[in-house]
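Report on one structure; see the data block that follows.
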There are 2 protein chains.
Amino acid sequence: MEARLATPVPGRDRVNRGTTDTRHRLIEAALVEFAAHGYDGASTRAIAASAGTHQPQINYHFGSKHELWRQCLERLLTELDDTIAAHVQGISRPDEPAVLAGIVRALVTFASRRPELNRIMMHEGTAPSDRLAWLVDTHLAWRQRDLARRWNRLRDAGVAAPVPVNVVHHLLIGAASLLYANAPEARLLGLEPDASTTVTGHANGLVSMLLPGL
Amino acid sequence: MEARLATPVPGRDRVNRGTTDTRHRLIEAALVEFAAHGYDGASTRAIAASAGTHQPQINYHFGSKHELWRQCLERLLTELDDTIAAHVQGISRPDEPAVLAGIVRALVTFASRRPELNRIMMHEGTAPSDRLAWLVDTHLAWRQRDLARRWNRLRDAGVAAPVPVNVVHHLLIGAASLLYANAPEARLLGLEPDASTTVTGHANGLVSMLLPGL
DNA sequence: GTCTATAATTAGATAGAC
DNA sequence: GTCTATCTAATTATAGAC
């Protein structure tokens, strides 16, 4: 593993910043490390250093690395739901096609602003584990079923592209998020995943591909 | 990291299987481990055990974990090129739209049969590293440029969907491969990424989405 | 609640017998 | 070329001072 960070709170000793503040900084630092290097590749020392504190704080505040990871995902999925809700509420005439278009735009927007969720999902999805089983049972299954129901109705109505229901979830998530999940790679290729023109062009193109009858 | 494997060649001692045989078995085992757990998460001990040999064999045959990883990618990318070539050669009238359709079908087919390449790419693309820089320089950049040129011509001809060139590479790869890269997740969701009906439906749907004017 | 010190385990790489 | 034994460094988690 490449060297990354080693600054363990320079100078100040035993600063009490309150429990919620340290917890939030640890979660924010952890979700970035988990996203960049995967669960096994992320070290609790690097996370603590990035949060400006020391490694044993993780076990004090969360009990274990696993529980810290779990709370990172709760945070990220809450933010995703907030983003989707905001996009869907801003629709003038909310019929079914417009709502799905709003969800697609929300997925692209969120992936660009918070690439960490899709990065972690892509790391976890490559092998069975307790973490993956928890993710699927508590957060992924109902989302996949909800999209499948919407897709079936839109296919029947003739507005959706001829994509089978059993592949549409991963096709949509992959098409919407890989550019941002793999942003370090995209930047080396000369692309600009962070540019607002990139994101809006991406969202518009994906919506018109998925819903040609809109 | 979860426990996985611990069977270190039971019984037979110092069996000389020839250098190429052991090398091939190590590469095959390594690419599966790298795909499942990422570079940092994959242990050379687990790789060697899965290949039916011992951990120091990796350094004997490859010099380092990094070089083993590099040779895994050479192997996988060669197989990808073979798959694309086979799909493109089988086209009766090879005009530009038909060739791109063949490439798309090849990407979906290969992702389903050899999910390890896309898994490793998704792991590596989430953070800068020497490995990522090597991947982009020697294997990814020309592929992205080739697709961009094809896409520009097909957009001008009016057969391609209204997707900007700067996002089409990741949109296509993500849409084509996430279902198989994250197959362990998909299976927990009740999907069947390995079924031939899934793969052909996926490929057909993606082609008609990307090339509505075909 | 924060910090230092450290225990217990595991990592990749090397030396040398056969 | 294969195997055992081992070195050094890194990992997560814990004990206890302040």
Side-chain angles (χ1 to χ4, degrees), chain A residues 1-27 29-30 33-34 37-72 129-131, chain B residues 1-27 29-30 33-34 37-72 129-131:
Chain A
M1 173 154 50
E2 278 87 62
R4 49 176 208 280
L5 273 168
T7 151
V9 72
R12 44 185 174 179
D13 294 307
R14 287 168 219 277
V15 180
N16 188 332
R17 274 172 290 238
T19 174
T20 54
D21 185 35
T22 303
R23 282 179 65 95
H24 285 163
R25 289 205 326 282
L26 279 172
I27 288 176
E33 285 291 305
F34 286 136
H37 305 284
Y39 183 84
D40 293 324
S43 93
T44 55
R45 283 185 149 78
I47 292 167
S50 168
T53 183
H54 299 80
Q55 184 256 346
Q57 289 288 70
I58 286 171
N59 287 284
Y60 175 77
H61 285 287
F62 299 94
S64 69
K65 182 184 182 180
H66 181 97
E67 176 62 16
L68 171 60
W69 176 90
R70 209 187 58 74
Q71 295 203 23
C72 286
S129 70
D130 291 347
R131 299 187 301 278
Chain B
M1 173 155 50
E2 278 87 60
R4 52 177 204 280
L5 273 168
T7 151
V9 72
R12 44 186 175 181
D13 294 306
R14 287 169 219 277
V15 180
N16 188 332
R17 275 172 290 238
T19 173
T20 53
D21 186 34
T22 303
R23 282 179 65 96
H24 285 163
R25 289 206 326 283
L26 278 171
I27 289 176
E33 285 292 304
F34 286 136
H37 304 284
Y39 184 83
D40 293 325
S43 93
T44 55
R45 285 185 151 80
I47 292 167
S50 167
T53 184
H54 299 79
Q55 184 256 342
Q57 290 287 71
I58 287 172
N59 287 283
Y60 175 77
H61 285 287
F62 299 95
S64 69
K65 182 184 183 182
H66 181 98
E67 176 61 15
L68 171 59
W69 176 91
R70 210 187 56 76
Q71 296 203 23
C72 286
S129 70
D130 291 345
R131 299 187 302 278

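Letters A, B, ... are given to chains in the order of the sequence lines, protein chains preceding strands, and every chain is numbered from 1.
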Length of the [atom1]-[atom2] vector between [X] and [N], whole Å:
X      : N       : atom1 : atom2 : answer
H61(A) : dA13(D) : NE2   : P     : 15 Å
H54(A) : dT12(D) : NE2   : C1'   : 17 Å
H37(A) : dT12(D) : NE2   : P     : 12 Å
F34(A) : dT12(D) : CZ    : C1'   : 12 Å
D40(A) : dA11(C) : CG    : P     : 10 Å
R23(B) : dT2(D)  : CZ    : P     : 11 Å
L26(A) : dA13(D) : CG    : P     : 13 Å
E67(A) : dT14(D) : CD    : P     : 14 Å

*How long is the gap from CD1 on I58(A) to OG1 on T44(A), to the nearest 0.5 Å?*
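Those atoms lie 5.0 Å apart.
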*asked:* Applying salt bridge (charged side-chain N to carboxylate O under 4.0 Å, His left out), can you list everything that pairs with R45(B), at least two apart in sequence or on another chain?
replied: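 Salt bridge (charged side-chain N to carboxylate O under 4.0 Å, His left out) check on R45(B) returns nothing, list empty.
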*Shortest non-hydrogen contact from G52(A) to R25(A)?*
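Looking at all heavy atoms of both residues, the shortest contact is O-NH2, 4.3 Å.
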*Parallel, tilted or perpendicular for Y39(A) and F34(A), by the 30°/60° rule?*
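Rings of Y39(A) and F34(A): parallel, under 30°.
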Between the protein and nucleotides 13-15 of chain C, list the N/O to N/O atom pairs that are separated by less than 3.5 angstrom.
from	atom 1	to	atom 2	distance (Å)
dA13(C)	OP2	N59(B)	OD1	3.3
dA13(C)	OP2	K65(B)	N	3.1
dA13(C)	O5'	N59(B)	OD1	3.4
dA13(C)	N7	Q55(B)	OE1	3.4
dA13(C)	N7	Q55(B)	NE2	2.7
dA13(C)	N6	Q55(B)	OE1	2.8

*Reckon T53(A) has a side-chain N or O less than 4.0 Å from the OP1 or OP2 of dT2(C)?*
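For T53(A), the contact criterion (side-chain N or O under 4.0 Å from OP1 or OP2 of dT2(C)) is not met.
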_Less than 4.0 angstrom between a side-chain N/O of S43(B) and OP1 or OP2 of dT10(C), yes or no?_
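Checking dT10(C) against S43(B), no side-chain N or O comes under 4.0 Å of OP1 or OP2.
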_Test of understanding: with side chain to side chain contact (heavy atoms under 4.5 Å, CB included), list the residues that count as partners of A29(B), not counting sequence neighbours._
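A29(B) satisfies side chain to side chain contact (heavy atoms under 4.5 Å, CB included) with I47(B), S50(B), A51(B) only.
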*asked:* Quick check on side chain to side chain contact (heavy atoms under 4.5 Å, CB included): which of Q57(A), H61(A), Q55(A) does N59(A) satisfy it with?
replied: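 Exactly one pass, corresponding to Q55(A).
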